[in-house]
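To start, the structure under review is shown below, and the notes come after it.
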Amino acid sequence: MFKTFTNAWKLPDLKKKILFTLIVILVYRIGCALPVPFIDADAIKSMFSSAEGTIFQYFNILSGDSFSKATLFALSVTPYITASIVMQLLTIAIPALEKLQKSGEEGQKKIAQITRVVTVGLALLTSFGYYTTLKNAMNALTDTSFFAGLVIVSCHCAGACIIMWLGEKIDEKGIGNGISMILFANIISSLPTMIAPIIATYELKGVVAILVYAAAILIGILVVAFVVFMTDSERRLPIQYSKRVVGRKMYGGQSTFLPIKLNMSGVMPIIFASSIMQLPATIALFLPTPEEGSFWAGFLNFFSTRSVFYAIILLVLIIAFSYFYLAISFNPVEVANNLKQNGGFIPGIRPGKPTSDYISKSLKRITLIGAFFLAIIAVMPMVLSAFNVSFGSVSFGGTSLLIVVGVALETTRDLESQITMRHYKGFLE
């Protein structure tokens, strides 16, 4: 990966793209530090100190710690990602959108335009909800007038729209996916706030501290290597194309494969499952502290991040969402029909329905392995909590790790493909 970036830096046009991406990320990080008027940052900070294990902490990590400071880019990429997911689901549910998506480049442009409109609507709705939370639950406003509320909502909504625009500029003139790069930068910038409480948990000195930290670094490297290996793993179904004669030339006859990623659903099952499991703790944040022994206290303890039942339910939800996301994002029947129309078939499997059944069977098996992989990554912070490590500091560590590794691999592949297109032989050897 480092060699790929080094080789890309030697090419003038790729160097400009990398510098443009870095400049946009720098501009974004400056926006994350710009304060919004009429907001008391100290009041928000005290509120977030008790928000461990809630959905707010998840938003804070994705925003690069700007959500807990209510800065201009506090909403981060959340409205755009939510709009993209909504549009992906609607293209499956609404035939007109599905037809538009498959109508080529013009259809994709229209889908992108609709996504922008949905993003603005969600940003406006989320901004108002964030303002209401700051006003009523956190008491973090220095001015509660209508004008102050209009300014706060407008600033946060405009900030989300600017982030969407910056992401699209990276897509046009930079390297990698723009929103993914911004999300990558947010998570990397949140690492100090995630790691600091872990270091503060144990007061180690001398040789013991060096050995413990060295072991922690080694374990971290092994975990990252495991995530990279599992993320790149895939099942390759052999595909054979029949020969056909057109005029005096013969076409087809070549062998290829249909790649099925082990973790085809990415990080989405963890995000969905974790968000659902964080709802009780998030609701409890706005209610009075329940008395010990009451039903509400027992309910919260049941959904506590240190509870065994929490880990079991989270595991079941991750597996369920893995299959659900696969069902809406991959259609074996469509793949089998495309193979049949192009003269392709899986050796030993008849074209048509037998092929789609075979692909579905393979998908179900490999998805189960991928779901257990996601479950291991999600439950890993809970194992750390068993050793008295603050769970809140690493509550979304597995999710963050998957996002960082995925974006790094995606960007590396993008650079490699662009280097290859320029016919610079030997660079990727």
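Note that the coordinates shown come from a computational prediction; the quantities given were computed from them, not determined experimentally.
Here the side chain of Lys261 pairs a donor or acceptor atom with the backbone of Thr231 at under 3.5 angstrom. At distances below 3.5 Å, at least one donor-acceptor pair connects side-chain atoms of Asp414 with backbone N or O atoms of Gly176. Put simply, the side chain of Tyr130 gets close to the backbone of Phe67: a donor and an acceptor are under 3.5 Å apart. A donor-acceptor pair is defined here as one N or O able to donate and one able to accept, closer than 3.5 Å; such a pair exists between the side chain of Asp171 and the backbone of Gly178. Side-chain N or O atoms of Asn338 include one that pairs as donor or acceptor with a backbone N or O of Glu334 at under 3.5 Å. Between the Gln108 side chain and the Gln101 main chain, a donor and an acceptor come within less than 3.5 Å of each other.
Every residue was checked against the side chain to side chain contact (heavy atoms under 4.5 Å, CB included) condition with Lys99, not counting sequence neighbours, and none meets it. For Phe20, there are no ring-ring contact (aromatic ring centres under 6.0 Å, His included) partners two or more places apart in sequence or in a different chain. For the side chain to side chain contact (heavy atoms under 4.5 Å, CB included) test, residues two or more places apart in sequence or in another chain that qualify with Ser154 are Leu150. The side chain to side chain contact (heavy atoms under 4.5 Å, CB included) test applied to Thr71 returns Ser66, Lys69, not counting sequence neighbours. Here Asn186 pairs with Tyr28, Arg29, Ser76 under the side-chain hydrogen bond (donor to acceptor under 3.5 Å, both in side chains) rule; sequence neighbours left out.
No side-chain N or O of Asn337 forms a donor-acceptor pair with one of Gln341 less than 3.5 Å apart. Side-chain contact check for Tyr80 and Glu168: no donor-acceptor pair (N or O, by modelled atom type) lies under 3.5 Å.
By the 4.5 Å heavy-atom criterion applied to side chains, Gln418 and Ile175 are counted as neighbours. A 4.5 Å side-chain heavy-atom check between Lys16 and Leu19 finds every atom pair outside the cut-off. Ile359 has its side chain within reach of Ile346: a pair of non-hydrogen atoms, C-beta onward, lies under 4.5 Å apart. Between Thr78 and Thr126 there is no side-chain heavy-atom pair separated by less than 4.5 Å. Between Met181 and Thr411 the shortest side-chain heavy-atom distance falls below 4.5 Å. Side-chain contact between Leu363 and Met264 is present, with at least one heavy-atom pair separated by less than 4.5 Å. Here the side chains of Phe184 and Ile25 are not in contact, with every heavy-atom distance at 4.5 Å or above. Within the 4.5 Å cutoff, side-chain heavy atoms of Ile152 are placed close to those of Leu141.
In this structure, OG1 on Thr119 lies 11.5 Å from CD1 on Ile114, to the nearest 0.5 angstrom. Distance check: Ile179 CD1 to Ser84 OG gives 7.5 Å after rounding to the nearest 0.5 Å. Rounding to the nearest 0.5 angstrom, the gap separating the CH2 atom in Trp9 from the CG atom in Leu415 is 11.5 Å. Atom-to-atom distance recorded for Leu258:CG and Arg236:CZ is 11.0 Å, nearest 0.5 angstrom. If you take OG1 on Thr133 and CG on Asn139, they are separated by 11.5 Å, rounding to the nearest 0.5 Å. Interatomic distance, CD1 of Ile366 versus CD1 of Ile260, reported as 6.0 Å (0.5 Å rounding).
Results of the side-chain contact (heavy atoms from CB on, under 4.5 Å) test with Leu124 over Pro79, Cys161, Cys157 single out Cys157 as the only residue that passes.
Taking the six-membered ring where the residue is Trp, Phe128 and Tyr131 present tilted rings, their angle falling between 30° and 60°.
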Item checked: Full working for side-chain contact (heavy atoms from CB on, under 4.5 Å) between Ile182 and Ile163 -> CA-CA 8 Å; Ile182 291 175; Ile163 293 171; 4.1 Å; yes
Next item on the list: Determine, stepwise, if the pair Lys135 / Thr144 fulfils side-chain contact (heavy atoms from CB on, under 4.5 Å).
Entry: CA-CA 7 Å; Lys135 179 181 177 181; Thr144 57; 4.2 Å; yes
Margin query: Run the side-chain contact (heavy atoms from CB on, under 4.5 Å) test on Leu402 and Phe373 for me, step by step, so that the C-alpha distance in whole Å, both residues' side-chain angles and the decisive distance to 0.1 Å come before the verdict.
Written below: CA-CA 11 Å; Leu402 283 173; Phe373 158 68; 3.8 Å; yes
Item checked: Leu166/Ile170 under side-chain contact (heavy atoms from CB on, under 4.5 Å): CA gap, chis, key distance, verdict -> CA-CA 6 Å; Leu166 291 175; Ile170 293 179; 5.7 Å; no
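Residues Lys109 and Glu105 are paired through a salt bridge, judged by an N-O separation under 4.0 Å between the basic side chain and the carboxylate. Between Lys169 and Glu172 a salt bridge is recorded (basic side-chain N to carboxylate O distance below 4.0 Å).
Of all non-hydrogen atoms in Leu134 and Ala70, the two that sit nearest each other are CD1-CB, 4.3 Å. In terms of heavy atoms, Ser189 sits closest to Gly64 at OG-CA, 3.6 Å. Nearest heavy-atom pair across Pro37 and Val151 is CG-CG1, 4.2 Å. Between Ile270 and Leu374, the shortest heavy-atom distance links the atoms CD1-O, 3.5 Å. The two residues Ser127 and Val153 make their nearest non-hydrogen contact at CB-O, 3.6 Å. For Ala123 against Leu75, the heavy-atom pair with the smallest separation is O-CD1, 3.9 Å.
Shown here is Phe226, whose CZ atom has more than 12 heavy atoms of other residues, nucleotides or ligands within 6.0 Å.
Within the structure, every pair that satisfies the salt bridge (Lys or Arg N to Asp or Glu O under 4.0 Å) test and touches residues 356-379, not counting sequence neighbours, is listed here: Lys353-Asp357.
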